[in-house]
Trainee: 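After the structure tokens below, expect a handful of questions from me.
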Amino acid sequence: MSSEDALIHSDDPRHPANLICTLCKQFFYNNWCTGTGGGISIKDPKTSHYYLAPSGVQKEQMTPDDLFVMDAQSLGYLRAPKSYKPSACTPLFVACYQKKDAGAIIHTHSQNAVVCSLIFGDEFRIANIEQIKAIPSGKVDPVTKKPIALSFFDTLRIPIIENMAHEDELIDDLHKTFIDYPDTCAVIVRRHGIFVWGPTIDKAKIFNEAIDYLMELAIKMHKLGIPPDCGIGEEKKHLAGQ
Ligand SMILES: CSC[C@@H](O)[C@@H](O)C(=O)COP(=O)(O)O
Ligand SMILES: [Zn+2]
């Protein structure tokens, strides 16, 4: 086996090259990565190499042989399949690795993200819902040094940026959200989808699932006339006003 192929061939189902293919399949059936849209990038915790999907392929049909591998320091490709270009999301994934210390990034074309971006302005907010507790607050416990999750009584805030003609044109607004929302683990792109990152692929997957659940719930609440960020008990007033 060539040294390039050794980067993507492993019997370990948790190897990044295998995991990207497995998760993209799962996400396809969630309607998150259909019609070539969306994708996943994982940083190998052992080597720190970035694993990236090719552009414009049916993401659920990818195999490890199709993947690009990038060196985290030089940003040069250690492996680049000749028949493909790397994902158009690559500059955005790299920004999340470099600026947010991400271990993995998930990009979906979730319809819940798209509808929320049509309903809400520059920010998606939802408060006082149990599932919020799956999302990190961005703060770290000073004693245990472990990340602190949002509480049931908190408000989850996710910035919404405008879509552009090309994926790489989102980079300036993405960088701006890193400054304006230092604690966020996600950015919604209006009429497009969402980017979610975490310190590991397992965490990023949990955050993405929890946020998608909350966006779906917010759409249902909005349809009932209940603002998703209303206080506990305030929903009665909004329901009564119908
Ligand atoms: C359906 S085209 C979608 C792309 O423009 C992009 O938004 C996307 O999500 C995937 O880009 P890709 O280059 O295939 O990884
Ligand atoms: Zn996209």
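Just so you know, ligand 1 is whichever comes first in the structure, and atom 1 is the first atom listed for that ligand. Residue numbers run from 1 in the order of the sequence given.
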Trainee: What are the protein N, O or S atoms, given as residue plus atom name, that sit under 2.8 Å from the Zn ion (ligand 2)?
Mentor: H107 NE2, H109 NE2, H192 NE2
Trainee: Of all the heavy-atom pairs spanning I8 and P64, show the shortest one and how long it is.
Mentor: O-CB, 3.4 Å
Trainee: Could you check whether any side-chain N or O of H175 sits under 3.5 Å from a backbone N or O of I171, counting only pairs where one atom can act as donor and the other as acceptor?
Mentor: yes
Trainee: Short list, please: which atoms of ligand 1 are under 4.0 Å from a heavy atom of H109?
Mentor: 3 (C), 7 (O), 8 (C), 9 (O)
Trainee: Return yes when H192 approaches ligand 1 closer than 4.0 angstrom through a heavy atom, no otherwise.
Mentor: yes
Trainee: Is there a heavy atom in G35 that sits closer than 4.0 Å to ligand 1?
Mentor: yes
Trainee: What protein heavy atom lies closest to atom 8 (C) of ligand 1? Include the residue and the distance to one decimal.
Mentor: G38 N, 3.6 Å
Trainee: Using 30° and 60° as the class boundaries, would you call the ring planes of F195 and H107 parallel, tilted or perpendicular?
Mentor: parallel
Trainee: Can you name the nearest heavy-atom pair linking A113 to I188, along with the distance?
Mentor: O-CG2, 3.9 Å
Trainee: With a cut-off of 4.0 Å, which atoms of ligand 1 are near a heavy atom of G37?
Mentor: 9 (O)
Trainee: Which atoms of ligand 1 have any heavy atom of G56 under 4.0 Å away?
Mentor: 12 (P), 13 (O), 14 (O)
Trainee: Report yes if some heavy atom in the side chain of M215 is under 4.5 Å from a heavy atom in the side chain of F120; otherwise report no.
Mentor: no
Trainee: Taking the six-membered ring for Trp, are F178 and W197 parallel (under 30°), tilted (30 to 60°) or perpendicular (over 60°)?
Mentor: perpendicular
Trainee: Which residue and atom name correspond to the protein heavy atom nearest atom 13 (O) of ligand 1, and how close is it?
Mentor: S55 OG, 2.5 Å
Trainee: Which atoms form the tightest heavy-atom contact between T184 and P159, and what is the distance?
Mentor: OG1-CD, 3.6 Å
Trainee: Can you tell me if R190 uses its side chain to pair, donor with acceptor, with the backbone of G121 under 3.5 Å?
Mentor: yes
Trainee: Do D65 and H9 meet the criterion of a side-chain donor-acceptor pair at a distance under 3.5 Å?
Mentor: yes
Trainee: How many angstroms lie between atom CG of D173 and atom OG1 of T177, to the nearest 0.5 angstrom?
Mentor: 8.0 Å
Trainee: Identify, for atom 2 (S) of ligand 1, the protein heavy atom at the shortest distance, and state residue, atom and that distance.
Mentor: T36 OG1, 4.1 Å
Trainee: Atom 15 (O) of ligand 1: which protein heavy atom is closest, and how many Å away?
Mentor: S87 OG, 2.7 Å
Trainee: Check each atom of ligand 1 against the heavy atoms of A88 and keep those under 4.0 Å away; list them by number with element.
Mentor: 12 (P), 13 (O), 15 (O)
Trainee: Please confirm whether K85 approaches ligand 1 to less than 4.0 Å, judged on its heavy atoms.
Mentor: no
Trainee: Got a sec: does the CG of D122 have more than 12 other heavy atoms crowding it under 6.0 Å?
Mentor: no
Trainee: Please report which non-hydrogen protein atom sits nearest to atom 4 (C) of ligand 1, along with the residue it belongs to and the distance in Å to one decimal place.
Mentor: E167 OE1, 3.8 Å
Trainee: Within ligand 1, which atoms have a heavy atom of K59 less than 4.0 Å away?
Mentor: 10 (C), 12 (P), 14 (O), 15 (O)
